[in-house]
Amino acid sequence: MSLGKLVSLIGGLWTAALTAALLLTEQAGLGNILPTGSVATTFIVICGGAIATLLAYLLIGAMIDHDLSRLRRLIESHRTGEPVGGVPSSFYLRGLGQSIEQVLNSQQQRIESLTGQRRELEIQTRISEAERQHAEAIFQSISDAVLVTDAFNEVALANEAASQVLQFDLEEARHQPVERLLRDPALVKLIRDTRESSNPNNRRHVEHPINTDSRQQVFDVTLACVTNPQSEVAGVVTILHDITREKQVSQMKSSFVSSVSHELRTPLSSIKAYVEMLVDGEAPDEPTRQEFYSIIQSEANRLSRLIDNILNISRIESGIVKVQREETSLPSVIRDVIDVMAPQARAKQIELSYTETPLFYHVYADRDMIYQATLNLVSNAIKYTPSGGRVCVEAVVDDHRHTVTVSVSDTGVGIPPEALPHLFEKFYRVSEHKKIAKGTGLGLNLVKHIVETVHGGEVSVTSEEGRGSTFRFSLPLSHETP
Ligand code: ADP
């Protein structure tokens, strides 16, 4: 039974009880004391009704209070998530409670689904952040310089290599206009032109020199348009690939080809000319013929030396050279070189000497190769020393390091300091020396390969321009007691 019905019942019962009490009073002869008839009855009924109404009012108020507090707890429970039993049960608030509960339940479901979505989004955000960091790490580790500009010609992205090559501060680069960031107006123009071309498929390759840290580097610059979802040009990606080395190598190769062909052509034309003279009978007597033969022989030797050098270097570089190591007496190799070079030295009035060490030692080496390396150094010393100079060969044993160092010193033209680091590079020749003697720039490179690549030794040079040079090579001593 609901509380409302209970209150109505109590009110009805109370009225009936009062009416019955009145009738009993009348019958008991108390009618003269109390008011009689229908007036009294009405009075009593009204009093009973009023009391019942008051009671009903109080009870309904209590019920509503009770239901409101249930409602509050219901709402609170939805807020805190703690379960609470039932909705308001009174006639007045049950419907409202049920509606509120429905609303709260649907809101609860919405909150749960939004919480799920939020978690999903958080996971997605973390994945995206990890991917972004991954992409950033890859982007930063690219050795080519990469610069991305937006539709306003401002820097959107740049990597470490770009900041080094184009000399800007990576931290401050973002959103900077390229013309303010880059000190290279030609590159700025290239980027602007590419963006303004408004052709999304526009991709250009330009060879572009950049001066960095007092040296010039050459870059293959790729410029490509970045498009937005509407396929409009929204920026430019600029990639700078350093091709300085390739350029140098190709320049070296072409200068090698021209210098080799020149070197090959010179002895060949000389041989051809002397052979033709012999065939045409232009050498009437034996001494002239002998002279021609010896010129032909020396030119043929020169040719074969050049070809040998080229072949030897390429064999060592490709690792197919056959090394015949044996216990070798270095002093005997040096003496052989001195004997071969002595006529040339004499012809130039150069004093050629060899200072032997009193120690007896051997190296475990390919005799022919070491002979070739020593010959190249002594022949260079004579070549780049003017008449009247001195060339001295010396071998010093270092017991501690267990090595022997051969040095070839001359009182020649010397080498400019800036040329020293390049001296052992293939095809390198000091430009000032080209007038002094012919060469291919292969001799020292072969020495380096023979000593360092094949024998695990070391080569070095010290020189003073105008005063002379000293080339040294060290080899490990043989472990065998001679
Ligand atoms: P090349 O055939 O030109 O002599 P090398 O490789 O033997 O080739 O030498 C490379 C360059 O090093 C030479 O062109 C020369 O300029 C320089 N050079 C080598 N030896 C000497 C030396 N003793 N004195 C001065 N310059 C030297």
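This chain uses plain numbering: 1 for the first residue, then up along the sequence. Just so it is clear, the values below take in all heavy atoms, side chains as well, and ignore hydrogens, waters and symmetry mates. Since this is a predicted model, take the numbers as computed values, not measurements. We count ligands from 1, going down the list as the structure has it; atoms in each ligand are counted the same way.
Between the H455 side chain and the D366 main chain, a donor and an acceptor come within less than 3.5 Å of each other.
Residue S463 is tested with L420, T470, D410 for a side chain to side chain contact (heavy atoms under 4.5 Å, CB included); the sole match is L420.
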>> Would K247 and E207 count as a salt bridge (charged side-chain N to carboxylate O under 4.0 Å, His left out) here? Give the steps.
In response: CA-CA 11 Å; K247 285 293 260 182; E207 204 175 288; 3.0 Å; yes
>> Assess the residue pair H208 and F219 against the criterion (ring pair (Phe, Tyr, Trp, His ring centres under 6.0 Å)); give the C-alpha distance rounded to whole Å, side-chain angles, the decisive distance to 0.1 Å, and a yes or no.
In response: CA-CA 5 Å; H208 182 66; F219 290 89; 8.1 Å; no
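Among all protein heavy atoms, the one lying closest to atom 3 (O) of ligand 1 is R429 NE, 2.6 Å. For atom 1 (P) of ligand 1, the closest heavy atom belonging to the protein is G441 N, 3.5 Å. Nearest non-hydrogen protein atom to atom 2 (O) of ligand 1 is T440 N, 3.0 Å. For atom 7 (O) of ligand 1, the closest heavy atom belonging to the protein is N380 ND2, 2.8 Å. For atom 4 (O) of ligand 1, the closest non-hydrogen atom of the protein is Y384 OH, 2.9 Å. Of the protein's non-hydrogen atoms, the one nearest atom 15 (C) of ligand 1 is H433 ND1, 3.4 Å.
With sequence neighbours excluded, no residue satisfies salt bridge (Lys or Arg N to Asp or Glu O under 4.0 Å) with R472. Residues passing the side-chain contact (heavy atoms from CB on, under 4.5 Å) test with V188 are E179, L182, R192, sequence neighbours excluded.
The existence of a salt bridge linking K189 and D193 is confirmed by a sub-4.0 Å separation between a basic side-chain nitrogen and an acidic carboxylate oxygen.
The shortest N or O to N or O distance between D410 and ligand 1 is under 3.5 Å. Residue F471 has no nitrogen or oxygen atom sitting less than 3.5 Å from a nitrogen or oxygen atom of ligand 1, judged on distance alone. Remark: ligand 1 and N445 share no N or O pair separated by less than 3.5 Å (distance only, no angle test).
With ligand atoms numbered from 1 in the order given, ligand 1 contributes 1 (P), 2 (O), 4 (O) to contacts under 4.0 Å with heavy atoms of K383. Counting atoms of ligand 1 from 1 in the listed order, those under 4.0 Å from a heavy atom of V430 are 14 (O), 16 (O). Ligand-side atoms of ligand 1 in range of L444: 5 (P), 6 (O), 7 (O), 9 (O), 10 (C), 12 (O), 19 (C), range being under 4.0 angstrom from any heavy atom. Every atom of ligand 1 is numbered from 1 in the order shown, and the set under 4.0 Å from a heavy atom of L442 is 6 (O), 8 (O). Every atom of ligand 1 with a heavy atom of Y428 under 4.0 Å away is listed here by number and element: 10 (C), 11 (C). Listed by number with element, the atoms of ligand 1 under 4.0 Å from a non-hydrogen atom of L423 are 12 (O).
Here the side chains of F473 and T405 are not in contact, with every heavy-atom distance at 4.5 Å or above.
Put simply, no part of G412 is less than 4.0 Å from ligand 1, judged by heavy atoms.
Q176 and E172 share no side-chain donor-acceptor pair at under 3.5 Å.
When the shell of 6.0 Å around CD of E129 is examined, it contains more than 12 heavy atoms from other residues, nucleotides or ligands.
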